[in-house]
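Everything numeric in this text was worked out from a predicted model, so none of it was measured. Reminder, nothing fancy here: chain letters follow the sequence lines and each chain counts from 1.
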4 protein chains.
Amino acid sequence: MENNKIKQNDIVLIVYDNNHKWLIDLSVQKEFHTNKGVINCEDLIGKEFGIKIESSLGKPFYILKPTIRDITLKTKRKTQIIYPKDASFIIYFTGIRSGYRVLEAGVGSGALTLALAYYVSPNGKIYGYEKNETHYNVAKKNLEKFEFDKVVDLRLKDISDGSDEKNLDVIILDLADPWNIIPKISGCLKNSGYIVCYSPTTSQVEKTLRILKSHGFYYIHTLEILCRTWQPEYDKLRPNTRMIGHTGFITFAVKVLET
Amino acid sequence: MENNKIKQNDIVLIVYDNNHKWLIDLSVQKEFHTNKGVINCEDLIGKEFGIKIESSLGKPFYILKPTIRDITLKTKRKTQIIYPKDASFIIYFTGIRSGYRVLEAGVGSGALTLALAYYVSPNGKIYGYEKNETHYNVAKKNLEKFEFDKVVDLRLKDISDGSDEKNLDVIILDLADPWNIIPKISGCLKNSGYIVCYSPTTSQVEKTLRILKSHGFYYIHTLEILCRTWQPEYDKLRPNTRMIGHTGFITFAVKVLET
Amino acid sequence: MENNKIKQNDIVLIVYDNNHKWLIDLSVQKEFHTNKGVINCEDLIGKEFGIKIESSLGKPFYILKPTIRDITLKTKRKTQIIYPKDASFIIYFTGIRSGYRVLEAGVGSGALTLALAYYVSPNGKIYGYEKNETHYNVAKKNLEKFEFDKVVDLRLKDISDGSDEKNLDVIILDLADPWNIIPKISGCLKNSGYIVCYSPTTSQVEKTLRILKSHGFYYIHTLEILCRTWQPEYDKLRPNTRMIGHTGFITFAVKVLET
Amino acid sequence: MENNKIKQNDIVLIVYDNNHKWLIDLSVQKEFHTNKGVINCEDLIGKEFGIKIESSLGKPFYILKPTIRDITLKTKRKTQIIYPKDASFIIYFTGIRSGYRVLEAGVGSGALTLALAYYVSPNGKIYGYEKNETHYNVAKKNLEKFEFDKVVDLRLKDISDGSDEKNLDVIILDLADPWNIIPKISGCLKNSGYIVCYSPTTSQVEKTLRILKSHGFYYIHTLEILCRTWQPEYDKLRPNTRMIGHTGFITFAVKVLET
């Protein structure tokens with residue numbers, strides 16, 4: 001079980017409770033301060049993942065191995081987060097897994113990119129486009145931090161200038177005007193491959209659907225995923241009072257070949 | 001692009017529209033009959049995926065490469081389906097990907113097993129438990145059909161007799177009484193690993209939560225995922241009238257180590 | 001408790017279970033036939049509401065006093081039903097009760113009209129517009145059956161020709177193009193009165209919002225109401241598998257006075 | 001249109017936008033201060049409802065006639081609010097309108113009581129039970145403020161001591177243990193009348209269902225109502241990011257007579 005021991009350069013998830021948790025890079029941080037006391041990070045090294053420790057104030061914390069969900073929820077960002085409910089559904093619907101070649105335009109802070117990189121590793125490739133330099137730099141650091149910089153070819157480029165990639169398995173557009181981009185990049189996608197557009201408003205969806213139907217796409221699905229969290233208490237089980245009521249509409253379409 | 005050509009033993013998705021689609025095994029089926037005419041399956045071989053063809057009645061069909069979503073939705077079953085919204089979220093939340101070792105109890109017809117096998121391939125392993133022989137046989141055939149029988153160790157066994165596996169990454173319980181099983185198999189899970197319980201009723205969730213809290217699990221989340229499909233028409237965009245209002249509640253918990 | 005006895009010309013709700021129930025007019029129907037046996041309607045007269053009876057096949061049925069919800073759900077119709085979740089919210093949001101004067105355009109089969117009439121009775125008034133003669137006749141019969149024909153002034157007229165009413169408390173538009181009608185009838189509404197538009201698609205909502213903002217309306221709310229029904233079994237409590245995922249978007253706006 | 005003029009003792013709704021609105025009693029308040037400037041309340045008297053005015057800082061406000069929804073949302077409270085989505089559905093499902101006699105136990109701050117009183121006025125009656133003196137006093141003031149103290153017989157009493165009322169149309173239980181109360185008050189309800197239980201947790205619902213089935217209730221419905229609000233902007237129409245994910249489960253049951 002060597003691989004379940006905490007190592008010097010691990011990134012760990014420190015959990016107080018479901019709403020108080022932190023992603024800590026042990027190679028950088030030597031002490032971790034919260035209002036519930038201090039944790040000495042060096043003490044963690046060599047311990048097993050899953051361990052319970054006490055802060056300087058005697059409060060209990062657990063040290064967990066973060067999953068890709070924890071990572072995308074807690075990574076540094078300057079843009080809108082991609083929620084696990086949406087990232088997971090996009091990945092599964094299109095079948096993205098080890099070996100896939102995916103173009104993502106509108107990388108933002110790179111949260112979805114991290115998830116895609118996690119799933120296409122080690123043999124696949126993500127071609128990431130981001131035109132805003134600040135976002136590009138945040139995304140770059142996030143990818144380096146989790147060692148996905150080899151799997152992701154991150155480009156400080158505007159996708160509206162097109163792309164030279166060919167035979168991509170999936171294209172994901174998380175930007176304001178997918179209808180302007182689709183005609184420029186549909187040639188990069190292999191036949192029977194998926195394009196995915198993620199948009200917050202219905203008028204964006206309407207414009208996207210119009211273009212998809214006139215540019216050789218079929219098997220089109222538009223949907224939204226809702227995650228309703230419950231209070232996990234056996235004697236007072238109930239949905240939480242507040243929930244995220246909307247993130248974005250997801251449209252999937254397959255590139256087809258007319259004969 | 002050789003790999004995008006339809007081959008003699010491929011399983012293809014034949015799509016008329018979103019609600020009329022079929023998974024066809026070309027190695028078995030030579031002709032495909034619908035009320036919209038006949039398709040000669042042998043004509044498809046050598047064509048490119050994504051192609052449009054016409055049935056004997058002149059109706060248009062597209063031949064697509066099925067994704068894991070299509071496969072789990074359309075595979076043969078005798079038990080309740082696992083919906084893509086739930087399968088994808090379980091996989092992502094726990095980080096299941098290539099190399100993971102997962103125990104699944106309550107395999108049923110094997111739809112979730114197919115999805116898990118797809119994601120842990122090629123180096124991971126699924127240990128599947130199913131005590132009902134009819135279900136076991138259906139699952140076995142489904143796994144063979146998609147060539148996942150090497151990745152899945154399928155067992156005609158009752159999980160309530162326990163398991164000898166050790167240091168599993170994830171355990172998934174899709175059966176009627178997870179609270180009876182948890183104490184018997186929590187030793188198979190590595191520390192910081194996830195257990196996932198999938199249950200339709202709230203009293204099942206209540207009993208599961210009670211056991212999890214008294215058996216060394218922490219970071220517990222109970223939630224439900226809803227997928228609201230929309231009519232993908234740009235001039236009359238709207239949610240569909242009918243939706244699946246419930247499948248199951250998903251409870252996630254991490255095994256922790258008390259010091 | 002005389003008033004709780006079933007009378008010769010009552011309309012009763014006969015309930016086998018939640019999914020098998022019928023609205024029966026005792027003044028018309030002498031026998032009621034189901035695949036669970038025959039009920040002699042004349043036997044019911046003089047019995048108390050709430051009574052359990054047996055059909056000719058020995059099956060149990062309950063005879064209940066229908067509420068306005070039962071009536072609108074079960075009344076004869078040729079058009080889309082208005083669901084209780086929507087009718088109730090429209091009535092409450094706008095405060096419609098005894099004495100209110102309401103214009104409804106797009107009466108259809110009159111289900112919402114019945115609900116409005118029930119609430120404005122006895123002193124209020126509904127001005128109902130329906131241009132389709134078939135629908136008008138169905139609505140007329142429904143209103144007569146429940147003796148709301150005095151409260152409702154039903155008109156076989158196209159609302160796009162305008163209306164002469166003044167100082168109405170509420171206007172409800174349940175028709176395809178509210179944006180064309182609003183400019184023609186906003187003069188009929190009193191200041192601080194509500195207009196309500198009920199539309200299934202987002203492009204209808206978009207056009208409606210544009211017109212409302214340019215025609216003196218404020219305090220605008222667009223929303224949708226979802227009713228998730230549960231299986232009412234104490235040992236297997238759970239939401240039902242299927243639910244109505246969409247009926248219509250409701251937009252409320254108040255007529256204001258610029259100074 | 002005299003009745004549409006603002007009078008000296010009116011309670012008005014002052015609206016800046018959908019999220020900034022206030023219920024102001026003109027008989028009490030002479031000036032209204034916000035961070036958007038001061039409004040002189042005496043200036044409003046004699047003006048027409050729906051009017052736009054400017055604060056001392058030149059900001060625009062509208063003066064509207066509040067509906068029962070505005071009143072229940074904005075009234076003074078020390079307890080959990082009853083949301084319009086729930087109040088409206090309870091009222092409609094049970095058919096509560098002018099003339100109804102309703103017992104409500106667990107009055108709290110009286111928000112639902114206000115709504116019930118509004119609908120049963122002028123000839124109906126609400127029998128309100130509240131055992132907590134602080135809540136009772138808040139509710140009493142709220143009812144007096146809106147002149148519903150004649151329609152509501154408010155009692156500082158514990159409903160677990162039972163009630164002497166007979167032949168009630170509807171009983172509403174908004175308290176922690178409806179299963180303990182139902183046997184004590186079901187005799188107060190007329191046959192074919194409705195009992196309504198409003199509870200936040202599933203274990204409360206389970207216990208309630210068990211008692212209802214063993215105490216002569218039938219035609220039982222358990223459900224939850226969700227209100228999803230949208231951003232009412234025609235060029236960026238979308239659901240709001242945050243929504244109320246849960247308030248309470250509502251269980252309806254009809255009292256029946258076994259023969």
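Chain D forms more heavy-atom pairs under 4.5 Å with one residue of C:Leu237, C:Thr208, C:Ile63, C:Thr72 than with any other, namely C:Leu237. Taking chain C as the reference chain and counting heavy-atom pairs below 4.5 Å, the highest number among D:Asn18, D:Leu64, D:Thr251 is found for D:Asn18. Note: D:Leu223 leads D:Leu223, D:Asn240, D:Asp70, D:Ile250 in heavy-atom pairs under 4.5 Å with chain C. Ranked by heavy-atom pairs shorter than 4.5 Å toward chain C, the options D:Leu212, D:Thr202, D:Asp235 are led by D:Thr202. Ranked by non-hydrogen atom pairs under 4.5 Å with chain D, the options C:Ser98, C:Pro66, C:Pro84 are led by C:Pro84. In terms of heavy-atom pairs under 4.5 angstrom with chain C, the leader among D:Glu206, D:Lys65, D:Gln231, D:Lys207 is D:Glu206. Most heavy-atom pairs under 4.5 Å with chain C: of the set D:Thr67, D:Leu13, D:Ile91, this distinction falls to D:Thr67.
In this structure, chain C has a heavy atom under 4.5 Å from the side chain of D:Phe249, while its backbone stays farther away. Looking at D:Lys47, there are no atoms closer than 4.5 Å to chain C (heavy atoms on both sides), in backbone or side chain. Both the backbone and the side chain of D:Phe89 have a heavy atom closer than 4.5 Å to some heavy atom of chain C. Interface remark: D:Lys255 contributes backbone atoms only to the contact with chain C (heavy atom separation under 4.5 Å). Only the side chain of C:Lys21 comes within contact range of chain D, with heavy atoms under 4.5 Å apart. Residue C:Phe252 does not touch chain D at all, counting heavy-atom pairs closer than 4.5 Å. Proximity to chain C (any heavy atom under 4.5 Å) is shown, for D:Ile90, by neither the backbone nor the side chain.
Residues D:Gln204 and D:Ser199 share a closest heavy-atom pair of OE1-CB, 3.5 Å.
Under the 4.0 Å criterion applied to side-chain N and carboxylate O atoms, C:Lys213 and D:Glu233 are assigned as salt-bridge partners.
Using a 30° and 60° split on the angle between ring planes, D:Phe148 and D:Tyr118 fall in the perpendicular class, above 60°.
Taking the centre of each ring, C:His215 and C:Phe217 stay at or above the 6.0 Å mark. Note: D:Tyr62 and C:Tyr219 fail the aromatic proximity criterion, with ring centroids not under 6.0 Å apart.
The line from NZ of C:Lys5 to CG of C:Asp10 is 12.5 Å long, rounded to the nearest 0.5 Å.
In this structure the side chain of D:Pro183 reaches within 4.5 angstrom of the side chain of D:Ile211, judged on heavy atoms.
Remark: D:Lys36 is positioned above the aromatic ring of D:Tyr16, its terminal NZ or CZ atom under 6.0 angstrom from the ring centre and at most 45 degrees off the axis.
Enclosure of atom CG in D:Asp164 is not indicated, since only 12 or fewer non-hydrogen atoms of other residues, nucleotides or ligands lie within 6.0 angstrom.
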